[in-house]
Number of protein chains: 2
Amino acid sequence: MGLHADLREKLISDYAKLSPQMQKAARHILDHPNDVALRSMRSLARAADVPPSTVTRLMTAIGVDTWQQFRDHYQNRLLDLPASYANRARETQNVSQDVDRDQHLLESIARTEIDNIDKAFGAELRGRTIDACVAIENARQVFVVGRGAAYPAAYQFAYAYRLFRDNVVLVDGRSGAFGDQLRGINRRDVMIAIGARPYIRDTVRAVEYACSQHCPVIAICDSDVAPIALDAMIKLIVSDKSQSFFQSFTAAVSLVQAIVALLVARGGQKALERIASAEEQLAAFDTYVEDPSPTRNS
Amino acid sequence: MGLHADLREKLISDYAKLSPQMQKAARHILDHPNDVALRSMRSLARAADVPPSTVTRLMTAIGVDTWQQFRDHYQNRLLDLPASYANRARETQNVSQDVDRDQHLLESIARTEIDNIDKAFGAELRGRTIDACVAIENARQVFVVGRGAAYPAAYQFAYAYRLFRDNVVLVDGRSGAFGDQLRGINRRDVMIAIGARPYIRDTVRAVEYACSQHCPVIAICDSDVAPIALDAMIKLIVSDKSQSFFQSFTAAVSLVQAIVALLVARGGQKALERIASAEEQLAAFDTYVEDPSPTRNS
DNA sequence: AGAGAAGCAAAACAACTGTTTCAAAATATG
DNA sequence: CATATTTTGAAACAGTTGTTTTGCTTCTCT
């Protein structure tokens, strides 16, 4: 069956030997194989931010005579994919039942996750999400609280938000006690509290303290009657349904990202400039490995 | 939002009213739908033995403005993307822009996120996800690396995994240098590295070190040729496409959760017992507030 | 029969395709 | 440092794309 070796493999194995621009092109092809099948070479080149000639050169570099050949390969791949799906199902049945069971579990997890996100961006929540943005924009200081499984979401928000604003405190209880980090919180601030059952005491206490200081709270949680939601000004209820023993904070992470995206969109040019300068700073600190190829897909 | 439900249906229902030559064209399209997606209009016309103008006329006859629209529809059908996602952007372009820009942004974020997760649980990746589980099960020690925006995913995994197994190290560079945490890593261990462009130097270095010690690597990243994927044993490619400046690690978080869920499912009774005891321990530490309102969703 | 309409294909069209050429820019080599 | 080599993007190219126009044929109806 090794009539023509898999072009994708070829692309990966030769990747290191390619010139930077060709790598950029190769990378885009690897990341967006369907573009090869469906779009034109020039438009793919545009999407990869590379002149058309680079793509042609890449073809000769990997030993393909013409773009047509390359495209044909990917078109066939696309047409065969549904078939191989069925084959895989048959294979897995032969191999063992366990694998089949695992596949099904993964499938059902995917469905649940998508469902959760779908709900998180439902009509009712969209309005409240915008309200939350307004509250954050007007706040003097933004405190983010999330412990345990909710910590990733809290961290995510603080990390992204800090790229264009510096008035955020991630209350992680690591650097000093809770009390230290919440010192001075007042009605002009806002607290974003993230959590789901079982509710972690620390988070609840942080919310209670914020409320006692008349600081408005945005609660991202699993229920209108969650302890952290009871006194919240804005309640963003996300589903944490999951197939496993472990609650899923995917929707919360997603929602938190969306809030940041909204804040940036509403912040306009100024926000973008701040982000640019933050990224410059990171680059100056030698944080990233050089890989200066932006993968824009139109 | 109810644009023409399905062009194929339209073609069939209008078939009788078409002129003979148009019927010939329509018939070919119905019999060879993939030709629409993959070939050019003229070449399809040749295959149908019809002049190109007939195809154009057919388009107007069934109420489609341009061949491009028609082709887009069939391309998306081929990709079996749920109806109207990213590629569909052109069709859904005619929307009121200024009234509820925020609402639309949220909607489009939701679509992208769902799309990302959908891909993360696609057919190709499911197999590799199971492979990753096997590797993790057999590992002496599991090292998880993820910096910056990828940290939430790494944390998520470590946190959930620790509930039923204690052989995980979250390499966060916080407690001591990287070197300390990776000390003793060898071929019997496994490293889970999470990252996307721009690749953070620390993560890349950690992977390089792991490889130098012959420790297999499971890379969760955005490309087959990402620096952390190049030498990885298992590559789990997740899309980090996002509407904002900020890459989305939602799919990575989701995938990581799925891996844990799978590990538990495969671990059987023993894993469940460990989780139970971990939760008891947490309860004993008074971590959670007692929650008198059992909001179980059936 | 012949006026009018409808169907049709060939030609014309501008825009875009994949490829090659060539000189400048970047990089390596001495 | 200058030189040789590679890498790169703009321009040029012939061919193809989707669409429109044009004029010819075929059918229909009094």
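Just so it is clear: chains get the letters A, B, ... in the order the sequence lines come, proteins before strands, and each one is counted from 1. Not measured: the values here are computed from a predicted model.
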Checking all strands, does B:P20 fall into the base, sugar-phosphate, or nothing category for heavy-atom contacts under 4.0 angstrom?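 It contacts sugar-phosphate atoms only.
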Sugar-phosphate, base or nothing in reach of B:S19, heavy atoms under 4.0 Å: sugar-phosphate
Each nucleotide N or O in nucleotides 27-29 of chain D that has a protein N or O under 3.5 Å away: list the pair and distance.
none

Pairs in or reaching into residues 38-59 of chain B: which pass side chain to side chain donor-acceptor pair (under 3.5 Å), with residues at least two apart or in two chains?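 Matches after skipping sequence neighbours: B:D35-B:R39, B:R39-B:S43.
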Qualifying side chain to side chain donor-acceptor pair (under 3.5 Å) pairs, either residue in residues 229-239 of chain B, two or more places apart: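 Qualifying pairs: B:N116-B:S239.
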Grab the [atom1]-[atom2] distance between [X] and [N] for me, whole Å please.
| X | N | atom1 | atom2 | result |
| --- | --- | --- | --- | --- |
| A:K24 | D:dT7 | NZ | C1' | 13 Å |
| B:M59 | D:dT19 | CE | P | 8 Å |
| A:K17 | D:dT7 | NZ | C1' | 18 Å |
| A:L58 | C:dG18 | CG | P | 14 Å |
| B:Q23 | C:dG7 | CD | C1' | 13 Å |
| B:M22 | C:dA6 | CE | P | 12 Å |
| B:D65 | D:dT19 | CG | P | 10 Å |
| A:F70 | C:dT17 | CZ | P | 18 Å |

Counting just side-chain N and O atoms, does A:T66 come under 4.0 Å of either OP1 or OP2 of C:dT19?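 Yes.
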Contacts of type side chain to side chain contact (heavy atoms under 4.5 Å, CB included), residue [X], not counting sequence neighbours:
| X | value |
| --- | --- |
| A:A160 | A:V260, B:F246 |
| B:T66 | B:Q68, B:Q69 |
| A:A158 | A:R162, A:V168, A:L170 |
| B:A132 | B:I218, B:I234, B:L236 |

What does nucleotides 9-17 of chain D look like as a protein-contact string, B for base, S for sugar-phosphate only, - for none, at under 4.0 angstrom between heavy atoms? BB------B
Mind checking whether A:Y155 and B:Y155 have ring centres under 6.0 Å apart? no
Just grab all the ring pair (Phe, Tyr, Trp, His ring centres under 6.0 Å) pairs involving residues 205-227 of chain B, residues at least two apart or on different chains. none
Under 4.0 Å between a Lys/Arg side-chain N and an Asp/Glu carboxylate O for B:R111 and B:D115?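 No, this pair does not count.
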